[in-house]
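Fair warning: this is a prediction, and the values are worked out from it, not measured in the lab.
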Protein chains: 2
Amino acid sequence: MRPNKRDELVRKSLQVFYRDGFHATGMDKLVVETGVSKTSMYKHFRTKEELILAALRLRDETFREDFLSRIQELADTPAGQLLASFDVLREWFQQEEYRGCLFIKAGAEYQEGDHPIHKQSAEHKQIMLDYLTDLARRAGARDPEHLACRIQLLQEGAIVTAVFLKSCEPAQEARAVAQVLLDSALA
Amino acid sequence: MRPNKRDELVRKSLQVFYRDGFHATGMDKLVVETGVSKTSMYKHFRTKEELILAALRLRDETFREDFLSRIQELADTPAGQLLASFDVLREWFQQEEYRGCLFIKAGAEYQEGDHPIHKQSAEHKQIMLDYLTDLARRAGARDPEHLACRIQLLQEGAIVTAVFLKSCEPAQEARAVAQVLLDSALA
DNA sequence: GAAAAGATTTACCGATCTGTAAACCTTGGA
DNA sequence: TCCAAGGTTTACAGATCGGTAAATCTTTTC
């Protein structure tokens, strides 16, 4: 049980969950894809739910890290970064493997508000909102919470719409709206 | 096999699919909930997929009917109706049984773009977009397609955000943004 | 009222689901 | 070299998955 073995299992499982969904992915499939045996899998994770939670945690970390660092590459002012977030979304939508937001999907498959998987997905969205609020505040927006909430609305809308349209256009549309909101909040 | 029996089965199945999800709902559960036998179920629907498609079709019909008629109750000008759509969303979010958009969830559980369930969900979104485009055109918007696309972004964003926040606030936020877009498109 | 036709039920199939018990390596220490 | 510890495998359990064959019940038709 090397310490990095568990991480490796989580990493691979995350890919499969994202590609095929949670209920549609059985532990047997994961066992085949990871090349490990079933019992070994259950030594690392007591239940499938625990594995899903670990996968969500990893996704939360890597997504935020990639998202934030890419935003910072594209712009160096808070206001510019708020707008740049939509450019990063556009890059994401263009990826071949884009299949929407894992947390939206997790929240959809586990809908009860008190379910651990649902709660952890909601937490991720809250953290993202907090980040946007911070940016809005540092940008000098009149009402940072409000602006951030509306920016997030646009982001979620773009993420969902891009799935059905199979296009990255929603990101550009959302960006244009965000620009209007930003101008008005800074005026 | 009364002609209305099939509709009854679809109606009840739709409820369960919406509440529990598609993969998480087995045919056995539906058989229990509808009080009909398994073979009877499979006489009406050759496969589970066919039942899901029927449920989505019913939801598409009833949702659009309810949505549009409620909008028309609330406003009588195209511009007013575009805004009123967010008030209708707010009412929807307030319902105890609100669990997000069935088509977003269907698209999330069946992600392959050529899957019938995914395609039918995408179709619903396209029809809704066409409706918004029509409203925007009749409202005299400068670029109806653009405005409609952005209004839809806001709607999808509100629908998703309302699930995690368990609040109807996103509808009001989205409405405020839509107001800005509308003013600018009509100026 | 009998028989054909159609709808419904019971009982089951093989596959797959999450999860586990017991045997089987593999490795580190004395 | 032997043994203990612990990770890994095979093999399987019990439940549930989507789906069906054959028997039973209900209705229609003559």
Review point. ring-ring contact (aromatic ring centres under 6.0 Å, His included) with His115(A): which residues, sequence neighbours excluded?
Key: Tyr110(A)

Practice item. Not counting sequence neighbours, list each pair that qualifies as a side-chain hydrogen bond (donor to acceptor under 3.5 Å, both in side chains) and has a residue in residues 152-167 of chain B. Key: Ser85(B)-Gln155(B), Lys125(B)-Glu156(B)

Check your understanding: How long is the line joining NZ of Lys5(A) and P of dG6(D), in whole Å?
Key -> 18 Å

Extract all donor-acceptor atom pairs below 3.5 Å that involve side chains of residues 47-58 of chain A and protein atoms in other chains or at least two apart in sequence.
from, atom 1, to, atom 2, distance (Å)
Thr47(A), OG1, Glu49(A), N, 3.4
Thr47(A), OG1, Glu50(A), N, 3.1
Lys48(A), NZ, Phe22(A), O, 3.0
Lys48(A), NZ, Thr25(A), O, 2.9
Glu50(A), OE1, Arg46(A), NE, 3.3

Exercise for review: Taking ring-ring contact (aromatic ring centres under 6.0 Å, His included) as the test, write out the residues that go with Phe103(A), two or more places apart.
Suggested key: His124(A)

Point to revise | Connected-component partners of Leu153(A) among ILVMFWY, side-chain separation under 4.5 Å | key: none

Check your understanding: Which residue pairs pass the side-chain hydrogen bond (donor to acceptor under 3.5 Å, both in side chains) test when at least one of the two sits in residues 90-99 of chain A, sequence neighbours left out?
Key -> Arg70(A)-Glu91(A)

Check your understanding: Just how far, in rounded Å, is P of dG7(D) from NE2 of His44(A)?
Key -> 8 Å

Check your understanding: Looking just at side-chain N and O atoms, do Gln111(A) and His118(A) make a donor-acceptor pair shorter than 3.5 Å?
Key -> no

Check your understanding: To the nearest Å, how far apart are Arg6(A) CZ and dG6(D) P?
Key -> 19 Å

Practice item. Quickly work out the Leu51(B) CG to dG19(D) C1' distance and round it to whole Å. Key: 13 Å

Review point. Under a 4.0 Å heavy-atom cut-off, which of residues 29-36 of chain B touch DNA chain D?
Key: none

Check your understanding: Transitive ILVMFWY cluster of Leu165(B) at side-chain heavy atoms under 4.5 Å: who else is in it?
Key -> none

Look for any protein N or O under 3.5 Å of an N or O in nucleotides 19-23 of chain C and output each such pair with its distance, or none.
from, atom 1, to, atom 2, distance (Å)
dG19(C), OP2, Tyr42(A), OH, 3.2
dG19(C), OP2, Lys48(A), N, 2.9
dG19(C), N7, Lys38(A), NZ, 3.4
dG19(C), O6, Lys38(A), NZ, 2.4
dT20(C), O4, Thr39(A), OG1, 3.4
dA21(C), N6, Thr39(A), OG1, 2.8

